[in-house]
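One structure below.
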Amino acid sequence: MGGQKKGGARVSEDAEEQSPQRLQAILLADSFATKFRPVTLERPKVLLPIVNVPMIGYTLAWLEYAGIEEVFVFCCAHAIQIIEYLEKSEWYSHPNLVVRTIESHKSISAGDALRYMYEQQAETSQIQGDFVLVSGDTVSNMPLADLIQEHRERKKKDEKAIMTMAIKQSKSSSLTHQSRLGTDQLFIAVDPLTKQLLHYEEDKIDHPRGSVCLDKSLLESNPSVLVSNDMQDCYIDICSPEVLSLFEDNFDYQHLRRHFVKGVLVDDIMGYKIFTHEIHSSYAARIDNFRSYDTVSKDIIQRWTYPYVPDINFSGNRPLKLGRQGIYRACDAVLSRSADVGASSVIGYGTKIGDGVKILNSVIGNGCSIGSNVVIEGSYIWNNVTIEDGCEIRNAIVCDGVKIRAGAVLEPGVVLSFNVVVGRDFVVPAYSKVSLLQQPTTEDSDEELEYADSSSGTADHLSGLNLQMESKASELGPDGAGYIWEVCEGAHDEEWKHSVAPIPKDKLAEITQAIDDDDTDDESVVPTSGELKSDADSINTDMNDPNDDYCYFEKEVEGTVLRAVEENIKVDLVTLEINGLRLSYNMESADCAGATFYSMMKLAVDTPHNSASELYKNAASIITKWKELLGFYVKKIDEQIEVIMKFEEMCQEPPKELGPLFTQILHLLYDKDVLQEDAILRWAEEKAGADETDKVYLKQCETFIQWLKEASEEEDEDDEDEEDDD
Amino acid sequence: MPDVQSMVAEFVNKLRKRKIEGSQATAKCTVELLRSVISHQRVPHANQAAALIDAVKAVGQQLVAANPVELAVGNVVRRVLHIIREEDLSLTTAAMAGLDLLDASDDDDIDNCKGIGYPAMSAAVVAAAARSTLRPPSLQTLLEGTPESATVPYTSSSGADSESKTADKSSLTRKLKHDVIEGVNQLIHEISGCHEQIAEQAIEHIHQNEVILTLGSSRTVLEFLCAAKEKKRSFRVFVAEGAPRYQGHLLAKELVARGLQTTVITDSAVFAMISRVNMVIIGAHAVMANGGVIGPVGVNMAALAAKKHAVPFVVLAGSHKLCPLYPHNPEVLLNELRSPSELLDFGEFSDCLDFGAGSGSLQVVNPTFDYVPPNLVSLFITDTGGHNPSYMYRLIADYYSADDLVM
């Protein structure tokens, strides 16, 4: 908490004097993700260098440039390292930008972080108004002042406009449906006039079919909706203070987009709105995985992030000299005469490069020494790396202090974490991740390692490990050191998608093949972007088949009922649970009635029985016991009819055991007051006009219906009699 | 002192982030900053000039490092250094004059006087001062000296010969600083007045019914053209738009607002139009010591076209744009590559910008400046008049001390 106190002392004096219009930002210096493992086990992600400057340097420089006056850096994993970096850098003493650190080790998600901020807020009230919410891995040069002004004005007019998020057009690959940054394609729906965000979908979508599901009510309430799939979310949000309290209220919000944005969009009780702001000429991107690390690095070298480029000192970095073909070279780098440095390369200070070295599209950090006849292509070599003669490195990330012994080969997609040693002539297989730290074995300990504050002990820990390495034959050749991490089972196929290496040709061919196959039976592909009018029918065809949903719902209900029967749970609780399911699947209460009845009957059928009468007994006992549950959903005639229809359906299902019992059970339901006679009569009327095949069960219970009819007539007469009496 | 430090830091920061644009604005900010540096600098009794020079140099190095492409910063720092040296020199000369006087009257008093008035002055300084009195006056002093001698600070000090021998140390300290600040003020005045000075000459260069071509936007050019217009000259202006920043559009707007006949053309139409043009007038970003010009991108093309059709190519430059450096590899070293987003829309082209698929990627180069070699320039118009490119080195020798070229 040292850092926080330091910041806090400085705040308290002048906090009151500041005008409420002071521009503030919250910078999350933790991605709360594991995509950069194993590197992030030893160093926080925001301190990883991108083109030789820590990511957080880009973010802070941009915030300062954009006129932000105060930044709260929220540190979580490796907080001490981040605070140390900030203390050493120029940011702590910057004239225009006050940097404060907030430390919390308990937070495991962005949601937790903001809740922590909210709690702190109660004591210190640091956040005085609208603030910018970014993560420490954002590289951008967009101006913020106008955007904040726009947000404030909108907020003045509309209390409910609590957030403005920046989006940028960026076409995704037509083959892999992956954005340039390696994230999944994003579907958003925006009101073209007000720019209000209506729908946000970044989860896996059925890509080959190109379908996206929109709520019909969206089209009812908005005259026009702009749906696009070529937008990239910049993860730069202008938030009002309400956002913090929303996180506090909804303690289950973890992820900013998956939970918070979706939650706000779905929740129509509070009626909060999110707006979008498309940025055109400026650049913004978030480094979310190794692929985006690669893409953003290249964008920086190509100067899209100007003025945050290597030849300008923007964050205490020593500027490099820019030569032709986008080659940035430090003035004291020593290059052999025969070394061939190709286009778009960066060579840092104090780096020595030997004879016959070929470098292309790569970034080489400070203090590296590279032997002769080394080939480096599309790779990121960090600081103080030693590469001996004749190595080949393609599309790899090599962290600080790594030693690559002569003749070793790194295949595409390799990530070597800190101080790993690759043995002589060893070939590191493609996409492998190598670290001195052993891979955490179970998923649980996974979390611990990432978020717990291991920074204090890292050094000792490492030296210990080194010793251990020496004694043990390494996985990286006899003179190497490091563990090759196993790829987690789920992510195996995805590995090529998120790595620094370009997607291999054979994979591309595979995908193209798959798409061609799909095209034969489904030629409609969603256009990149288009405007849908509310009267367009086409949207219906895009809808997911509602039957699918119903099937899942039915299964869930069945499970619930089964559990209820087995564990003898109270009816109230079961109702609550089914209601929950109803809301989450967006079903009507008639569907619940149908599903509940279905599961009860299924239970009856599944209970062992020898004869039809035994089956009837089973059914009767279940219905008697759980009629209240059913009764909860069959309050209306329509719902009761639904139950009968469902029952009819069930009777036709393969075992057909229930068929002969149709009338008996119907009678039972009538007796138990689950079904009213009106419902049964209505059902009979509806069925009267149906095909002969459909009438099987109607015929079967003809006598029962006849009896009902008579009874009701009698009743009517009774009523009349009573009326007469009055 | 601390506030000077923070001022320097803030200015360095602005330069780094490329927040200040335009060489005139930068030059002005730099001089003002240096003035406050000088006025806050505590001067020791001995070797005052050296202390000032060191202070200014230290700040100057920071500023130049912050944005090496903005040459005006370096120019102004060197100008200020030059002023300090000149003032120091003139004070010493004055002292020498005093000594000479005494020398003539009474030899015994020399040591006495030295002991009282100039204890710190070494023989070498005296010798140097004596040498410099023999130095031929610079051309500029010859040209400007007579009418302005009253306002030029160092000439004013020459009248104080008799008092100087009795002047105590503190007044002398103040004197140098005061004179330097006077000189810097004059420089500020000169920089802010350079437009008018240049514009005054417009009438001599622009004639009735001429067609003038310009490229990009420059305030000097705007004032120059308007001055001619005010003198009832009627002429037409072609403005090349200056892609990709299209500052020519802004210039055209202003010209029309001032009532000039203006036509906007694309940069690529320059060659087609040049045969109808009587004169090309552009504003420079910087003028190098060899007479080469750093100007907005596209200028070299216009200069070549002008050469081909024997159209005079005139460059307007305030004296703060004169740079004492030679352009070694100017295309790269003195250029600034800006963001490609000025050329094309990131969103539209995002699919061909290096994507993981490994297919060919699109590269965009967006240089800000062009270098025009001296042989393509017909005439420079600075605030001191018109000059030939080959004369630039001489002008520069007037404005800068050779000691300051390498900072």
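Numbered from 1 within each chain, the chains take letters A, B, ... in sequence-line order.
Considering only heavy atoms from C-beta on, A:W304 comes within 4.5 Å of B:S341 through its side chain. Here the side chains of A:Y306 and B:E336 are in contact, with some heavy-atom distance below 4.5 Å. Residues B:F346 and A:D299 are in side-chain contact: their nearest non-hydrogen atoms beyond the backbone lie under 4.5 Å apart. The shortest side-chain heavy-atom distance between B:R338 and A:P307 does not fall under the 4.5 Å cut-off.
A:Q302 and B:P340 make their closest contact through O-CG, 3.1 Å (heavy atoms, listed as atom of the first residue, atom of the second, distance).
More than 12 heavy atoms of other shown residues, nucleotides or ligands fall within 6.0 angstrom of atom NZ in B:K57.
Only the side chain of B:N13 comes within less than 4.5 Å of a heavy atom of chain A; its backbone N, CA, C and O stay farther away. Contacts between A:S282 and chain B at a heavy-atom distance below 4.5 Å are absent for every atom of the residue. Proximity to chain B is limited to the side chain of A:E90, based on heavy atoms less than 4.5 angstrom apart. Residue A:N395 does not touch chain B at all, counting heavy-atom pairs closer than 4.5 Å. Using a 4.5 Å cut-off between heavy atoms, B:E342 does not touch chain A at all.
Among A:I312, A:V309, A:N313, the residue with the largest count of heavy-atom pairs under 4.5 Å with chain B is A:N313. Of the listed residues (A:H94, A:R303, A:K168), the one with the most heavy-atom contacts under 4.5 Å to chain B is A:R303.
One finds the OG atom of A:S315 at 9.0 Å from the CZ atom of B:R16 (value rounded to the nearest 0.5 Å).
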